[in-house]
Amino acid sequence: METREIIGKLWAALRHPRTAVLALVLLIVIQLLALALPQIPVTGADGAVYNRWLAVLRPTLGEQTRLLASLGLLTIRSSYLLRLTLCLIGLLIFANLDALRDTWREKPWSLREFGPLAFAVGGILVIGGWAGQMLWGWQEPEVIAWPGSDIAVADYGLSVAQPSGPLGLWKGGYGLYILRRGQRTGLEVRATDARGQPMLLLPSVNQDAQETLRLAFTAQEPEAFFALQEAGLIFRLNQLQGAIQVQVYRSASGELLTETVLQGSESPLVLQVDGNEIVLSPILLPHYTVVQNPGALFEGLGMGLMAAGSLMRLVTIERERRSAHLETETLSETA
């Protein structure tokens with residue numbers, strides 16, 4: 001078989017609506033996988049950060065974590081699988097436009113041509129939406145909000161109200177999506193001295209001391225520290241699986257004074273250290289993923305047009321096949 005023949009058959013296969021349907025199904029599966037599987041917000045090129053995310057996901061995904069990562073399913077919106085699918089859709093766009101050109105040469109335009117035209121326009125919107133997401137989109141996978149406070153993403157200067165349902169759309173601007181991902185453990189910490197007077201808690205040297213300290217634990221920030229300067233004490237809190245390890249050190253010598261574990265669902269933990277009382281109250285906080293995807297609307301509209309165009313082409317081909325079959329039967333009967 002000559003090369004020209006092979007290319008001709010491949011081009012004919014691309015022009016057939018069944019190929020368009022297969023590409024659309026593949027695209028839908030990829031989008032569903034992106035929603036079902038946790039997505040790492042960095043690529044493998046980031047090295048240590050990427051490996052830390054894999055370690056965080058291992059308790060949930062188990063031994064399949066590395067396999068899913070190597071297949072690109074944990075970074076699917078920038079994976080080679082999606083890029084190859086988009087390349088196929090690009091070829092299908094040209095194939096549908098080519099079919100449309102041949103039809104226009106034969107007869108004036110009619111609704112019959114809506115199928116390939118709708119698919120071509122939809123494919124362009126999908127590819128454009130993906131490009132917009134890659135250029136201007138971002139994702140913050142672990143955002144914790146306290147009761148009565150707004151959802152804040154400091155790196156992007158974002159502050160919006162918490163959604164009332166499991167999924168928030170159009171919160172504060174075009175292309176912004178807020179997804180509820182479960183709960184994380186937080187702590188409210190207070191301390192009093194031997195006379196019952198409130199003591200100031202210092203979260204870091206760059207922050208002001210405060211009477212009530214709020215701490216939230218995430219996969220990226222599993223530890224927290226604070227100090228009681230008046231008492232010369234330093235507290236280290238470390239997030240474990242379903243619990244928080246609490247260690248108290250003397251700031252001058254580094255001596256470990258006490259160590260205990262606070263379960264996430266327990267009542268407040270009360271520590272007595274050098275006559276001072278420290279109360280750590282656990283609270284379950286909503287965990288959100290905040291996504292800025294300016295191309296999502298275009299991708300959704302494009303997939304709808306691709307589906308409509310593929311369906312119309314399949315219906316048109318079936319009608320033409322039946323019409324040709326009836327003509328053949330009529331001619332046979334006449335003969």
Side-chain angles (χ1 to χ4, degrees), residues 49 52 56 140-163 172 178 180-290:
V49 178
R52 186 163 70 241
V56 169
E140 191 66 35
E142 287 199 294
V143 178
I144 312 300
W146 289 83
S149 65
D150 290 344
I151 296 173
V153 184
D155 291 345
Y156 298 98
L158 176 69
S159 180
V160 294
Q162 295 187 47
I178 301 170
R180 182 73 177 264
R181 294 297 195 188
Q183 294 178 314
R184 290 287 188 267
T185 302
L187 287 178
E188 285 191 343
V189 186
R190 294 182 178 85
T192 55
D193 58 21
R195 298 171 297 173
Q197 297 298 314
M199 303 178 71
L200 294 179
L201 307 165
L202 184 66
S204 71
V205 295
N206 299 321
Q207 294 179 297
D208 296 331
Q210 46 198 284
E211 290 187 4
T212 300
L213 186 62
R214 285 181 164 182
L215 303 171
F217 299 88
T218 66
Q220 291 299 293
E221 296 182 358
E223 288 187 327
F225 296 86
F226 67 90
L228 274 176
Q229 287 186 304
E230 300 173 47
L233 302 175
I234 293 179
F235 294 77
R236 176 180 178 267
L237 309 174
N238 182 35
Q239 182 178 229
L240 305 175
Q241 189 69 29
I244 297 173
Q245 181 188 48
V246 182
Q247 296 175 321
V248 185
Y249 296 87
R250 199 173 300 282
S251 58
S253 62
E255 174 190 2
L256 177 62
L257 299 178
T258 185
E259 180 177 356
T260 186
V261 174
L262 170 64
Q263 297 297 328
S265 59
E266 281 186 355
S267 55
L269 174 66
V270 180
L271 295 176
Q272 299 288 342
V273 184
D274 293 344
N276 304 298
E277 183 177 273
I278 302 93
V279 181
L280 298 95
S281 303
I283 180 173
L284 292 177
L285 303 173
H287 165 213
Y288 298 101
T289 293
V290 180

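Nearest heavy-atom pair, V143 versus A152, reported as atom, atom and distance to 0.1 Å: CG1-O, 3.7 Å. Minimum interatomic distance between S149 and W146 (heavy atoms only, all atoms of both residues): OG-O, 2.6 Å. Contact record, V153 with E140: CG1-CG, 4.0 Å, taken as the closest heavy-atom pair. Residues A209 and L200 share a closest heavy-atom pair of CB-CB, 3.7 Å. Residues Q263 and P282 share a closest heavy-atom pair of O-CG, 4.4 Å. Taking all atoms of both residues into account, the shortest heavy-atom contact from A161 to I151 is O-CD1, 4.3 Å.
Each of V279, L280, L262 was checked for a side chain to side chain contact (heavy atoms under 4.5 Å, CB included) with P268, and the lone residue meeting it is V279. With respect to T260, the side chain to side chain contact (heavy atoms under 4.5 Å, CB included) criterion is satisfied by exactly one of L269, I244, V248: L269.
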Could you go through Q247 and L256, starting from their C-alpha distance and side-chain angles, then the distance that decides it, and tell me whether this counts as side chain to side chain contact (heavy atoms under 4.5 Å, CB included)?
CA-CA 7 Å; Q247 296 175 321; L256 177 62; 4.0 Å; yes
Can you list the steps and then say if V160 with V290 is a side chain to side chain contact (heavy atoms under 4.5 Å, CB included)?
CA-CA 10 Å; V160 294; V290 180; over 6 Å; no
Intermediate values then yes/no, side chain to side chain contact (heavy atoms under 4.5 Å, CB included), Y249 and E255:
CA-CA 5 Å; Y249 296 87; E255 174 190 2; over 6 Å; no
For side chain to side chain contact (heavy atoms under 4.5 Å, CB included), just list the numbers for F217 and L237, CA-CA rounded to whole Å, side-chain angles, deciding distance to a tenth of an Å, and then say yes or no.
CA-CA 9 Å; F217 299 88; L237 309 174; 3.8 Å; yes
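From L213, atom CG reaches atom CZ of F235 across 11.0 Å, with rounding to the nearest 0.5 Å. Taking CG from L201 and CD from E211, the interatomic distance works out to 8.5 Å, rounded to the nearest 0.5 Å. Once rounded to the nearest 0.5 Å, the distance linking CD1 of I144 with CZ of R184 reads 6.0 Å. Distance check, rounded to the nearest 0.5 Å: CD1 of I278 to OG1 of T192 gives 8.0 Å. To the nearest 0.5 angstrom, L215 atom CG is 11.5 Å from Q239 atom CD. Note: T218 OG1 to L285 CG = 11.5 Å, rounded to the nearest 0.5 Å.
Atom CD of Q207 has more than 12 heavy atoms from other residues, nucleotides or ligands within 6.0 Å.
A donor-acceptor pair under 3.5 Å is absent between the side-chain atoms of D274 and the main chain of N276, judged by distance alone. Side-chain atoms of H287 come within 3.5 Å of backbone atoms of P141 as a donor-acceptor pair (strictly under, hydrogens ignored). With hydrogens and angles disregarded, no donor-acceptor distance shorter than 3.5 Å links the side chain of T212 to the backbone of R190.
With a 4.5 Å cut-off on side-chain heavy atoms, V261 and V246 do not count as touching. At a threshold of 4.5 Å between non-hydrogen side-chain atoms, the residues Q210 and F226 do not count as touching.
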